[in-house]
> 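One structure is given below, represented as structure tokens, and several questions about it will come after.
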Amino acid sequence: MSNPMPVRTLFVSDVHLGTRDCQAELLARLLRRVRPERLYLVGDIVDLIAMRKRAVLPPAQQRLVARLLRLARSGCEIIYIPGNHDAAFRRLCGLRVHRVRIEHRMVHATADGRRLLISHGDEFDTHVRMAPWMMALGDGMHQFVLALNRWCNRGRRLLGMPYWSLASALKRRSGAARRYVAQFEQAALHQAAREGLDGYVGGHIHKAGFRARDGVLYCNDGDWVEHCTALMETPNGRLQLIDWRGEVIAVEPPVTAPVPREGWAGPVEAATRTP
């Protein structure tokens with residue numbers, strides 16, 4: 001294999017280690033193809049909720065954990081921001097565990113000077129207007145689709161075909177899913193603008209993508225149970241979505257019409273802890 005591609009920052013979320021749906025082998029392949037200076041683990045890396053019922057940690061997942069720890073030892077700065085499925089780790093915020101820094105949220109400075117709020121995103125669930133019964137129904141359907149996704153890709157592997165997300169294809173045809181994503185994006189953009197920042201990076205909704213509005217950029221890095229995508233910052237500060245092969249699948253849109261924003265506008269470190 002050729003030398004890994006240098007990457008300034010890599011953002012990965014929703015790996016869901018401990019479940020059958022975790023695509024640990026594909027994430028490990030990506031980490032062999034890129035060499036990040038800084039790696040943000042943006043929540044739901046370990047699915048502690050699912051592990052209460054049934055813990056699944058096959059060799060591929062164990063190897064992925066070992067690879068992440070080797071990255072930390074080799075000098076890559078790893079920052080773990082717990083999500084709602086690994087919320088128990090929020091009690092460790094402010095500490096370092098095996099050279100991995102644990103924080104509730106961060107402000108990241110890109111190479112071109114922009115300041116981005118980094119959080120998992122579950123805090124925006126209260127802004128998404130859906131009836132409780134619809135949320136419960138959606139969760140049940142999601143688990144069913146993930147099961148279909150597993151069987152579909154098991155068959156594709158036997159046929160020598162690459163990974164393909166059945167779940168993603170079905171979501172694109174769902175009007176309710178599109179409305180949920182739009183409301184989530186709106187809440188995240190509003191929060192970044194309210195804090196006087198240039199953009200937001202998160203996960204949580206398992207839907208990778210970009211959106212720009214009123215001078216603020218929204219970025220979602222996706223997940224590693226369905227779509228297998230990550231967000232990458234290049235050495236010059238540009239943001240790109242990549243898949244498990246390291247191929248660019250989307251680039252950040254131009255951000256125009258900035259509006260004056262209140263908030264702290266002083267200098268910021270490359271990675272700054274926020275309260």
> Does Val15 reach the side chain of Ser13, with side-chain heavy atoms less than 4.5 Å apart?
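Val15 vs Ser13: side chains apart.
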> For the backbone of His206 and the side chain of His227, can you confirm whether one donor and one acceptor N or O come within less than 3.5 Å of each other?
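Answer holds: yes.
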> Show the nearest heavy-atom pair for residues Tyr80 and Ile45, with the distance to one decimal.
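That closest heavy-atom pairing would be OH-CB, 3.4 Å.
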> Got Ile79 and Met106 here, is their nearest side-chain heavy-atom distance under 4.5 Å?
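The answer is yes, as the side chains (C-beta and beyond) meet within the 4.5 Å cut-off.
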> Flag the pair Arg105 and Glu103 as a salt bridge only when some basic side-chain nitrogen lies within less than 4.0 angstrom of an acidic carboxylate oxygen.
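The answer is no: the pair does not qualify as a salt bridge.
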> Measure the CG-CZ distance between Asp122 and Phe184 for me, rounded to the nearest 0.5 Å.
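Spacing of CG (Asp122) from CZ (Phe184) equals 8.0 Å.
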> Which heavy atom of Gly199 sits nearest to which heavy atom of Ala192, and what is that distance?
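What the structure gives for the nearest pair is O-CB, 3.6 Å.
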> Under a 3.5 Å distance rule, please check whether Glu123 uses its side chain to pair with a backbone N or O of Gly121 as donor and acceptor.
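Yes, because the side chain of Glu123 sits within donor-acceptor range (under 3.5 Å) of the backbone of Gly121.
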> With rounding to the nearest 0.5 Å, note down the distance linking NE2 in His104 to CZ in Arg90.
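Here the rounded value is 5.5 Å.
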> Closest approach of Pro82 and His120, non-hydrogen atoms and distance?
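Minimum heavy-atom separation between Pro82 and His120: O-CB, 3.9 Å.
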> Please give me the minimum heavy-atom distance between Val42 and Gly202, naming the atom from each residue.
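Closest approach of Val42 to Gly202, heavy atoms only: CG1-CA, 4.1 Å.
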> Could you please spell out the steps behind the side-chain contact (heavy atoms from CB on, under 4.5 Å) verdict for Phe89 and Leu48?
CA-CA 10 Å; Phe89 294 154; Leu48 298 177; 4.1 Å; yes
> Let's go through Arg96 and Ile102 carefully: what are the C-alpha distance in whole Å and the side-chain angles of both, what is the deciding distance for side-chain contact (heavy atoms from CB on, under 4.5 Å) to 0.1 Å, and is it a yes or a no?
CA-CA 6 Å; Arg96 289 181 184 268; Ile102 304 175; over 6 Å; no
> Do Leu117 and Glu195 come within less than 4.5 Å of each other through their side chains, counting heavy atoms only?
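Heavy-atom side-chain distance check passes, below 4.5 Å.
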> CD of Gln186 to CZ of Arg211: how many Å apart, nearest 0.5 Å?
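CZ of Arg211 is found 5.5 Å from CD of Gln186.
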> For Asp44, does its backbone N or O pair with a side-chain atom of Asp86 as donor and acceptor, under 3.5 Å?
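Yes, Asp86 side chain to Asp44 backbone: donor-acceptor pair under 3.5 Å.
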> Decide side-chain contact (heavy atoms from CB on, under 4.5 Å) for Gln61 and Val65; before the verdict, give the C-alpha distance in whole Å, the side-chain angles of both, and the deciding distance to 0.1 Å.
CA-CA 6 Å; Gln61 296 189 30; Val65 173; 5.8 Å; no
> Walk me through whether Thr19 and Asp47 qualify under side chain to side chain donor-acceptor pair (under 3.5 Å).
CA-CA 7 Å; Thr19 71; Asp47 196 328; 5.3 Å; no
> Give a yes or no on whether Leu41 and Met51 share a hydrophobic cluster (residues Ile, Leu, Val, Met, Phe, Trp, Tyr; joining criterion: side-chain heavy atoms under 4.5 Å apart).
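Yes, because Leu41 and Met51 connect within a single hydrophobic cluster, where side-chain heavy atoms sit under 4.5 Å apart.
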> Going by distance alone, is a donor N or O of one side chain under 3.5 Å from an acceptor N or O of the other, for Ser119 and Tyr200?
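Note: Ser119 and Tyr200 side chains meet the donor-acceptor criterion.
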> Under a 4.0 Å threshold between the charged nitrogen and the carboxylate oxygen, would Glu252 count as salt-bridged to Arg114?
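A salt bridge links Arg114 with Glu252.
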> Tabulate below the donor-acceptor pairs under 3.5 Å that side-chain atoms of residues 231-245 make, not counting sequence neighbours, or state none.
unit_1, atom_1, unit_2, atom_2, d
Glu233, OE1, Arg8, NH1, 3.1
Glu233, OE1, Thr9, OG1, 2.7
Glu233, OE1, His108, NE2, 2.9
Glu233, OE2, Arg8, NH1, 2.8
Glu233, OE2, Ala111, N, 2.7
Thr234, OG1, Asn236, OD1, 2.3
Thr234, OG1, Arg238, N, 3.2
Thr234, OG1, Arg238, O, 3.4
Asn236, OD1, Arg238, N, 3.2
Arg238, NH1, Asp112, OD2, 2.8
Asp243, OD1, Arg245, N, 3.0
Asp243, OD1, Gly246, N, 3.3
Asp243, OD1, Glu247, N, 3.0
Asp243, OD2, Arg245, NE, 3.2
Asp243, OD2, Arg245, NH2, 2.7

> If you define the side chain from C-beta out and look only at heavy atoms, does anything of Val12 sit under 4.5 Å from Leu10?
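Touching, per the 4.5 Å side-chain cut-off.
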> Quick one: do Val46 and Val56 end up in the same hydrophobic cluster if we chain Ile, Leu, Val, Met, Phe, Trp and Tyr together by side-chain heavy atoms under 4.5 Å apart?
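No, it is not one cluster - the side chains of Val46 and Val56 are not joined through contacts under 4.5 Å.
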> I'd like to know whether Asn84 forms a side chain to side chain donor-acceptor pair (under 3.5 Å) with His204, so could you lay out the CA-CA distance, the side-chain angles of the two residues, the decisive distance to 0.1 Å, and finally the verdict.
CA-CA 8 Å; Asn84 54 305; His204 186 53; 3.3 Å; yes
> Would you check if there is a donor-acceptor pair between the side chains of Asp14 and His85 at a distance under 3.5 Å?
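Not at all, the side chains of His85 and Asp14 share no donor-acceptor pair under 3.5 Å.
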> CZ of Arg101 to CD1 of Ile81: how many Å apart, nearest 0.5 Å?
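Between Arg101 CZ and Ile81 CD1, I get 9.5 Å after rounding to 0.5 Å.
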> On a heavy-atom basis, which atom in Leu64 and which in Leu31 lie closest, and how many Å separate them?
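That closest heavy-atom pairing would be CD1-CD1, 3.9 Å.
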> Distance from Glu226 atom CD to His16 atom NE2, nearest 0.5 Å?
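Taking CD in Glu226 and NE2 in His16, the distance rounds to 8.5 Å.
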> Decide yes or no for Gln62 and Leu57: does some side-chain heavy atom of the first lie under 4.5 Å from some side-chain heavy atom of the second?
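Gln62 reaches Leu57 side chain to side chain.
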> Walk me through whether Met5 and Arg35 qualify under side-chain contact (heavy atoms from CB on, under 4.5 Å).
CA-CA 6 Å; Met5 175 176 59; Arg35 186 176 68 249; over 6 Å; no
> Do Leu39 and Leu68 make a side-chain contact, defined as non-hydrogen atoms from C-beta onward lying under 4.5 Å apart?
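Yes, close enough: below the 4.5 Å cut-off.
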> Could you tell me if the side chain of Ile249 sits less than 4.5 Å from the side chain of Thr229, heavy atoms only?
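In contact.
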> Between atom CD1 of Ile78 and atom OG of Ser74, what is the distance when rounded to the nearest 0.5 Å?
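Answer for the CD1-OG pair, Ile78 versus Ser74, is 7.5 Å.
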> Just by distance, do the side chain of Arg52 and the backbone of Ile49 share a donor-acceptor pair under 3.5 Å?
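It does not hold such a pair.
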> Return yes if some donor-acceptor pair links the side-chain N/O of Asp198 with the main-chain N/O of Arg115 below 3.5 Å, else return no.
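Pair found, side chain donor or acceptor close to backbone of Arg115.
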> With a 4.5 Å heavy-atom cut-off, do Arg20 and Arg54 have their side chains touching?
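Yes - at least one pair of side-chain heavy atoms lies under 4.5 Å apart.
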